[in-house]
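Below is one structure; the comments refer to it alone.
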Amino acid sequence: MNLFSEMHGTVAAALDALVADGTLPAGLDTAAVTVEPPRDPAHGDMATNAAMVLAKPAGLKPRAIAEALADRLAADPRVATAEVAGPGFINLRLDPSAWHGVLAAALGEGRDFGRSALGQGLKVDVEYVSANPTGPLHVGHTRGAVFGDALARLLDFAGYDVTREYYINDGGAQVDVLARSVYLRYLEAHGQEVAFEDGTYPGDYLVPVGEALKAEVGDAYVGRPEAEWLAPVRAFATDAMMALIRDDLKALGVEMDVFFSEKSLYGTGRIEAALDSLREKGLLYEGVLEPPKGKTPEDWEPREQTLFRSTDYGDDVDRPVMKSDGSWTYFAPDIAYHYDKVERGFDWLIDVFGADHGGYVKRMKAAVAALSQDAVPLDVKLMQLVKLYKGGEPFKMSKRAGTFVTLRDVVDEVGPDVTRFVMLTRKNDAPLDFDFDKVLEQSKDNPVFYVQYAHARVCSLLRKAEAAGLPASDAALRGADLSALGHEAELALARKIAEWPRLVEIAGRSCEPHRVAFYLYDLASELHALWNRGHDEPALRFLQEDDPAGSTARLALARASAVVISAGLGILGVTPAEEMR
RNA sequence: GGUCGCAUAGCUCAGCUGGAUAGAGCGCUGGCCUCCGAAGCCAGAGGUCCCAGGUUCGAAUCCUGGUGCGACCGCCA
């Protein structure tokens, strides 16, 4: 139930009526007509720009349209007043019963309140994390994982059919490096002295993998040439790393639907098939690239390569898909992977990348546009860096110094809920400060705590009500008489609740889950404000000893707030707290 | 040199795909607990929305050109 879209419908109907009675000409484009909450609450509950938008095409003065429209709107039972203001806005003030209806809907629909049909069941694929299977996930991956997962949940809530996907880069040279590193640990497990040279991964996390390999194959690979063990060790090692990564993701509450292996594209003709699709369109050719402008690499020399004509689709230069030695570039399997996504029938593709992959966006979009005949849009969300702090002091990460912070470190330190919420308090394209101490602070300054506390407060209130013998179950509150709710402070909270379905659509349309976090903060803020007013004005307290009907109505208001907080936290992947410890 | 992103209060940041007098938190100033809902509450001050043009009823928001900061820029993924 979305009160804003309902009122939008009311406005549209009123406009039709004005056309019917000849006030407005027929055939007007009303697409730009909006109904939204005004920035200044003094202007009312909702405002429409219809008169201003239609004035020019209708050949009428905004004021004239506004007045006629306002008269029509005032006739709606939910509208208390409709006033023309400013350059031609119509400010609507709603009858309290309209807000009561919203609360009843929230209690009736529960955590599904606010679900939208925006996505119309379109199939969207969200690819995120996709970290190389060469080690544990670090903080940067964590942000991408949280964002991608929240985006997937948001789009699901907004009516899309969402698939969450992880691309395993298990086909390139880096997994050979992994295999050699694991082999060294394997030799170590057999008591040999080993040295980790450049080009190997010295991390301790491979020690148990080396031991596990020993447990599995004994000394079969000791002293054998690389050609004998490289392939099996590589498979063993990537499996071990993916198990590690899945565990890391699980600790954060992230579950993928699909793990897609890059390796599965090799030797199966799938890369060739994808490139053939481009070749048929005349988008592949043999050629030599110009050196990059500005700073030419020292060892630059012109080489002929197989190039993808990505410039036809907005890229700056054409991109190589095959190296001069005849092997694929990393771009080739990526093309094949996205070709596969297109073939699987997705209507919309989203890739979540680190900001350092920004230079890769245009060619990927070009590839998807070419492969899908411009039918499937690809959006790439770039994640900015996470800056770590502890007690206000920057926390420098260094692999060598051993202060490399992993996803597991963060989750162990502050828990998955705090990790997720904090990571979603900033836009994906803005850098994020993460202070290990501040995020655990139990104070109003900490948004995580503030929102959790609001939910816990309502839970506590309901427990108290139940103890006092008041009906506090959802079933009881659902049918409650809400007519006692009329105070401005109470209606302010109801208004905020009414915005939830609208916010879901705005956040969904822009792929910005952080808006949910900010909304929840605002909603919590309204709830706390009402609670605090009860301090000075006992009449506003939720529980009124001598007024069970009024108490029940207020409990319904409180519970509706909690329901929305719970639904919103669900989108962020955060557990709503029932009590604060 | 090019591409992408960012630029809003002293600080950290929101800002509804173009709406009215630009918001929040922190910090600052001033009030508020012998008792009833203080892990606080209320009020106030604080702005060249980076600059210059443009689009229109209307721009922090869209376009163009600058400035500053960051990321990236041929066979590493």
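Throughout, protein chains are lettered first and strands after them, A, B, ... in sequence-line order, and every chain is numbered starting at 1.
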With rounding to the closest Å, how many angstrom separate the [atom1] atoms on [N] and [M]?
N	M	atom1	value
B:rC62	B:rC16	C1'	16 Å
B:rA24	B:rG46	C1'	14 Å
B:rG15	B:rU8	P	14 Å
B:rC72	B:rA77	C1'	14 Å
B:rA14	B:rG23	C1'	7 Å
B:rC41	B:rU56	C1'	46 Å

Given atom [atom1] of [X] and atom [atom2] of [N], what is their separation to the nearest angstrom?
X	N	atom1	atom2	value
A:Arg533	B:rA38	CZ	C1'	17 Å
A:Asn532	B:rC33	CG	C1'	14 Å
A:Lys444	B:rC42	NZ	P	7 Å
A:Lys365	B:rC72	NZ	P	20 Å
A:Ile271	B:rA77	CD1	C1'	14 Å
A:Gln174	B:rA77	CD	C1'	6 Å
A:Arg39	B:rU61	CZ	P	12 Å
A:Asn49	B:rC16	CG	C1'	13 Å

With the 90 degree cut-off around zero defining syn, does B:rC50 come out syn or anti? anti
Over 60° means perpendicular and under 30° means parallel, so classify the ring planes of A:Phe331 and A:Tyr360, tilted if in between. perpendicular
Mind telling me whether A:Phe449 and A:Tyr453 have parallel, tilted or perpendicular rings, with 30° and 60° as the class edges? parallel
A:His43 aromatic ring stacked with six-membered ring of B:rA20, 5.5 Å and 30°: yes
Both distances under 3.5 Å, Watson-Crick or G-U wobble: report the partner of B:rG1, or none. B:rC73
Across every strand shown, the nucleotide meeting Watson-Crick or G-U wobble geometry with B:rG65 (both distances under 3.5 Å) is B:rC51
Mind checking [X] for me? I need base, sugar-phosphate or nothing, with any heavy atom below 4.0 Å counting as a touch.
X	value
A:Met322	nothing
A:Val317	nothing
A:Thr329	nothing
A:Phe518	sugar-phosphate

Looking only at heavy atoms, the pair that brings A:His8 and A:Val33 closest together is NE2-O, 2.9 Å
With salt bridge (charged side-chain N to carboxylate O under 4.0 Å, His left out) as the test, would you mind laying out the steps for A:Lys390 and A:Glu393 before giving the verdict? CA-CA 5 Å; A:Lys390 193 156 179 86; A:Glu393 293 297 313; over 6 Å; no
Please check if any side-chain donor atom of A:Asp325 sits under 3.5 Å from a side-chain acceptor atom of A:Ser327, or the reverse. yes
In terms of the nearest nucleotide of RNA chain B, which residue is placed more toward the 5' end: A:Asp325 or A:His514? A:His514
Charged N to carboxylate O under 4.0 angstrom, A:Arg463 versus A:Glu466? no
